[in-house]
Novice: 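There's a structure below that I have some questions on.
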Amino acid sequence: MEIKIMRNILDRNQNKAEEVRMLIASKNVIMVNIISSPGAGKTTLLERTCEEFVPKLRIGVIEGDITTDRDARRLEKYNIPIVVINTEGGCHLDSHSISKVLPSFDLDLLDILFVENVGNLICPSQFDLGETFKIAVVSTTEGDDKPGKYPMLFREAKAVLLNKIDLIPYTNFSMNSFKEDLQNINGQVPLFEISCTRGDGLELWYKWMEDQIAVSR
Amino acid sequence: MHELKIAEDLTAIVLETAKQGNLTKVTGVNISFGQLVQIVPEIFEFAFSECVRDTLAQNASLSIEILSVRMECTICGYNFDVKENRFACNNCGSTDLKILQGKELFVKSIEGE
């Protein structure tokens with residue numbers, strides 16, 4: 001006997017993600033799901049972004065971390081609301097974990113809620129958190145072949161940030177190969193070439209984020 | 001690693017459906033994955049077999065259909081399968097595309113008695 005089901009296996013996650021998306025939209029908050037491999041520079045990007053925007057914009061952060069609160073501690077100095085989700089070995093955040101921590105924020109007092117996902121290029125792109133959009137952060141030291149290897153993330157991302165461009169002279173990273181690869185996967189996505197330690201290219205990223213806020217209002 | 005979480009959610013759906021259908025044994029589970037989700041079938045099969053251990057689905061065979069990545073050009077309306085990760089319209093070259101298929105994680109049916 002065969003029983004037809006025809007159901008999304010992750011519909012529990014998807015349904016909760018839609019709830020989260022409606023809630024944050026109703027509060028006029030933009031939720032940005034930041035996805036990268038470990039060490040690409042997500043936390044440093046958040047540090048620079050907080051330095052630029054706090055207190056002009058009201059920022060909150062959800063830190064997805066496997067076991068520690070080290071990333072969150074790096075952001076404490078900006079005096080912004082931060083909640084850590086320890087996944088206890090889990091390789092991604094999901095919408096239920098986000099939903100559980102949202103009551104810790106006063107969403108009426110936020111403009112942007114950044115979610116720093118667990119460092120991983122495959123799993124997080126599969127789990128909708130209810131974010132407004134995803135961004136992908138890659139760094140030059142990881143090599144120039146990432147878009148073709150992880151097409152789902154680079155298709156889904158609303159922007160791609162290529163970090164550590166100051167280190168290119170010390171690597172075999174080819175900007176042309178990277179751009180060609182990204183163009184093949186997603187010819188529409190904006191690319192920001194940045195160095196979070198030296199500051200290159202960040203002005204364009206800040207401007208783009210401001211535009212996203214303006215568009216959402 | 002995400003294979004395990006997906007296998008857990010699949011197991012919950014399979015057992016819930018089997019209970020509703022008054023099955024005493026699940027013999028087969030039919031699922032579809034889009035190519036973009038990058039599930040490794042061997043890892044998924046292992047994860048699923050661990051999840052269903054000691055349940056009425058413990059001997060169920062898993063049939064995985066892989067769906068191609070299919071896009072529609074929003075400029076000229078052409079539909080095409082993406083080959084070799086080239087996300088550009090085969091007809092007009094535009095990269096302004098809408099995904100029609102390729103992100104599925106779908107359970108189609110279960111078989112049992």
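Convention: sequence-line order gives letters A, B, ...; per-chain numbering from 1. The figures that follow rest on heavy atoms only: side chains count, while hydrogens, waters and symmetry mates do not.
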Novice: Do the side chains of B:K103 and A:E156 get nearer than 4.5 Å, heavy atoms only?
Specialist: yes

Novice: Is there a side-chain contact between B:K108 and A:I5 in this structure, where contact means two heavy atoms from C-beta onward sitting under 4.5 Å apart?
Specialist: no

Novice: Which pair of non-hydrogen atoms, one from A:F127 and one from B:I6, has the smallest distance, and what is that distance?
Specialist: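 Result for this residue pair: CZ-CG1, 4.2 Å.
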
Novice: Which value, rounded to the nearest 0.5 Å, describes the distance between B:L23 atom CG and A:M1 atom CE?
Specialist: 5.5 Å

Novice: Drop me the distance from A:D11's CG to B:I13's CD1, to the nearest 0.5 angstrom.
Specialist: 5.0 Å

Novice: Please look at A:D94 and chain B and tell me whether the side chain, the backbone, both or neither of the residue comes under 4.5 angstrom of a heavy atom of that chain.
Specialist: side chain

Novice: Just wondering, are more than 12 heavy atoms of other shown residues or ligands nearer than 6.0 Å to CD in A:E180?
Specialist: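 No, not enclosed.
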
Novice: With a 4.5 Å heavy-atom cut-off, do A:N8 and B:E104 have their side chains touching?
Specialist: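 Not touching, per the 4.5 Å side-chain cut-off.
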
Novice: Do A:I3 and B:S109 touch side chain to side chain, with heavy atoms closer than 4.5 Å?
Specialist: no

Novice: First locate atom NZ of B:K5, then atom SG of A:C91, and finally report the distance between them rounded to the nearest 0.5 Å.
Specialist: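 Going from NZ on B:K5 over to SG on A:C91, the span is 11.0 Å.
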
Novice: Can you tell me if A:M175 has over 12 outside heavy atoms packed within less than 6.0 Å of its CE?
Specialist: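 Yes - once you tally the heavy atoms of other residues, nucleotides and ligands closer than 6.0 Å, there are more than 12.
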
Novice: Which atoms of B:I99 are under 4.5 Å from chain A, going by heavy atoms: the side chain, the backbone, both sets, or neither?
Specialist: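 Contact with chain A involves no heavy atom of B:I99 at all.
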
Novice: For A:Q126 versus B:L105, what's the shortest heavy-atom pair and its separation?
Specialist: NE2-CD1, 3.5 Å

Novice: Hey, which of A:G187, A:G148, A:P124 has the most heavy atom pairs under 4.5 Å with chain B?
Specialist: A:G187

Novice: Any salt bridge between B:E8 and A:R12, counting N to O under 4.0 Å?
Specialist: no

Novice: Once rounded to the nearest 0.5 Å, what's the spacing between atom CD1 of A:I9 and atom OG of B:S32?
Specialist: 8.5 Å

Novice: Is there a side-chain contact between B:F106 and A:M6 in this structure, where contact means two heavy atoms from C-beta onward sitting under 4.5 Å apart?
Specialist: yes

Novice: Which heavy-atom pair separates A:Q188 from B:D96 by the least distance, and what is that distance?
Specialist: NE2-N, 3.3 Å

Novice: Using a 4.5 Å cut-off on heavy atoms from C-beta on, say whether the side chain of A:Q183 contacts that of B:R86.
Specialist: no

Novice: Find the one option among B:L97, B:V14, B:N85 whose heavy-atom pairs under 4.5 Å with chain A are most numerous.
Specialist: B:N85

Novice: Would you say CZ of A:F133 has more than 12 non-hydrogen atoms from neighbouring residues, nucleotides or ligands within 6.0 angstrom?
Specialist: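 Counting other residues, nucleotides and ligands, CZ of A:F133 exceeds 12 neighbours.
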
